[in-house]
There are 2 protein chains.
Amino acid sequence: MTSERNIPHEAEEPCMPDEELLYDLADLFKVFSDTTRIKILYALFDTPRSVNAIAEAIGATQSAVSHQLRILKQARLVRFDRDGRSLIYSLADDHVHTMLAQGMNHICE
Amino acid sequence: MTSERNIPHEAEEPCMPDEELLYDLADLFKVFSDTTRIKILYALFDTPRSVNAIAEAIGATQSAVSHQLRILKQARLVRFDRDGRSLIYSLADDHVHTMLAQGMNHICE
DNA sequence: TGATTATATGAACGTATGCTCATATGTCAA
DNA sequence: TTGACATATGAGCATACGTTCATATAATCA
């Protein structure tokens, strides 16, 4: 019993991350869990757009889009540059593409 | 203007999937967006467990775990086999590992 | 079969979430 | 500076979600 400690036959927590990390992970997925935000991300998939352009592209209110962009910004999923009076939003990095692709992958198999 | 149709300089929806697919995608991420469910998935990461074992491992009620397992089952993220009176749950496939890893990847970079 | 163990389910409750509407903030042009 | 356009923000509301508690269902063992 005590001689097989390197063969954890009843490992209690194989690789359970810290509580805080689990919360962060859940929060990240939570950002992807809303249709409006998913639409925004796809609208920006390969085309940077202004807030109004996003709203028009996905058929949502400017206010609703702005509210959701705030969440996407906090999650560092989108970034923006100023162009005149407009703010041009784009995807922050390739992680977004990868996450979306991975999700689609699971659904479509 | 009409001669450059294969160069969509103002593509309205570059690769926007169908509405229904977007809902499915959001729903999939929604499953990963709760701490209890994330904990369950990590508890099963490389060790199949019974419901009670999961509950004990993550410090949650049997009822709460059962409720969440129902959601994980519906999303085809976990499966189970019977062993005596117990139901032994395990991850459905490698997609779960990949999804979790991808999420962690984004957080930890 | 009857008792016991394991899991599932339903109602109820508190909280979180996303939308709309109205308005504030901010930027550019004249 | 003023007017017009672009975006952000806050309050309020309706809905969705996760937990607990009590109980139902199911399967095994004696």
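Bear in mind the structure is a predicted one, so any value in this text is a computation, not a measurement. Chain A is the first sequence line, chain B the second, and so forth, proteins listed ahead of strands; every chain is numbered from 1.
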A:Thr61 vs C:dT20: side-chain N/O to OP1/OP2 distance below 4.0 Å: yes

A:Asp93 (side chain) donor-acceptor with A:His95 (main chain) under 3.5 angstrom: yes

A:Pro17 side chain near B:Met104 side chain, heavy-atom distance below 4.5 Å: yes

Check: A:Lys30 main-chain N/O paired with A:Arg37 side-chain donor or acceptor under 3.5 Å: yes

Length of the line joining B:Ile88:CD1 and C:dT7:C1', which is rounded to integer Å: 12 Å

B:Gln62 atom CD, over 12 foreign heavy atoms within 6.0 Å: yes

Value rounded to 0.5 Å, distance of CG in B:Leu28 from OG in A:Ser33: 10.5 Å

Short side-chain N/O contact from B:Gln68 to OP1 or OP2 of D:dC17, under 4.0 Å: no

Under-3.5 Å donor-acceptor pair between A:Ser63 side chain and C:dC19 base: no

C:dC28 phosphate, OP1 or OP2, under 4.0 Å from A:Arg82 side-chain N/O: no

Straight-line distance of A:Asp81 CG to A:Ile88 CD1, nearest 0.5 Å: 8.5 Å

Along DNA chain C (nearest heavy atom to each residue), the more 5'-positioned of A:Ala64 and B:Ala53: B:Ala53

Of residues 69-78 of chain A, the positions that come close to DNA chain D - non-hydrogen atoms, cut-off under 4.0 Å: A:Arg70, A:Lys73

Any A:Tyr89 side-chain nitrogen or oxygen under 4.0 Å from OP1 or OP2 of D:dA8: yes

First encountered from the 5' end of DNA chain C, between A:Arg37 and B:Val51: B:Val51

Terminal axis angle for the helix from C:dT1-D:dA30 to C:dA30-D:dT1, five pairs an end, nearest 10 degrees: 30°

B:Arg85 side-chain proximity, nearest of D:dT19, D:dT28, D:dA6: D:dT28

Polar side-chain atom of B:Ser50 near backbone of B:Ala53 as donor-acceptor pair, under 3.5 Å: yes

Phosphate OP1/OP2 of C:dT17: any A:Lys30 side-chain N/O under 4.0 Å: yes

Whole-Å gap separating P (C:dT17) and CZ (B:Phe29): 18 Å

salt_bridge(B:Lys39, A:Glu19) N-O dist < 4.0 Å: yes

Any N/O donor-acceptor pair, A:Gln62 side-chain to D:dA8 base, under 3.5 Å: yes

Nearest-neighbour nucleotide for the B:Ser66 side chain, C:dG18, D:dT9, C:dA8 considered: C:dA8

Ring centres under 6.0 angstrom apart (B:Phe45, B:Tyr42): yes

Distance in angstrom units between B:Asp81 CG and C:dA6 C1', rounded: 16 Å

A:Thr61 side chain reached by A:His67 side chain, heavy atoms, under 4.5 Å: no

Atom-pair distance (CZ on A:Phe80; P on D:dA6), nearest Å: 17 Å

Interatomic distance, B:Leu87 CG vs D:dA26 C1' [rounded to whole Å]: 9 Å

Minimum-distance nucleotide to A:His67 side chain [options: C:dT7, D:dA11, D:dG18]: D:dA11

Rounded distance (Å) that lies between atom P of C:dT17 and atom CG of A:Asp34: 11 Å

Spacing of A:Phe32 atom CZ relative to C:dG18 atom P, expressed in whole Å: 14 Å

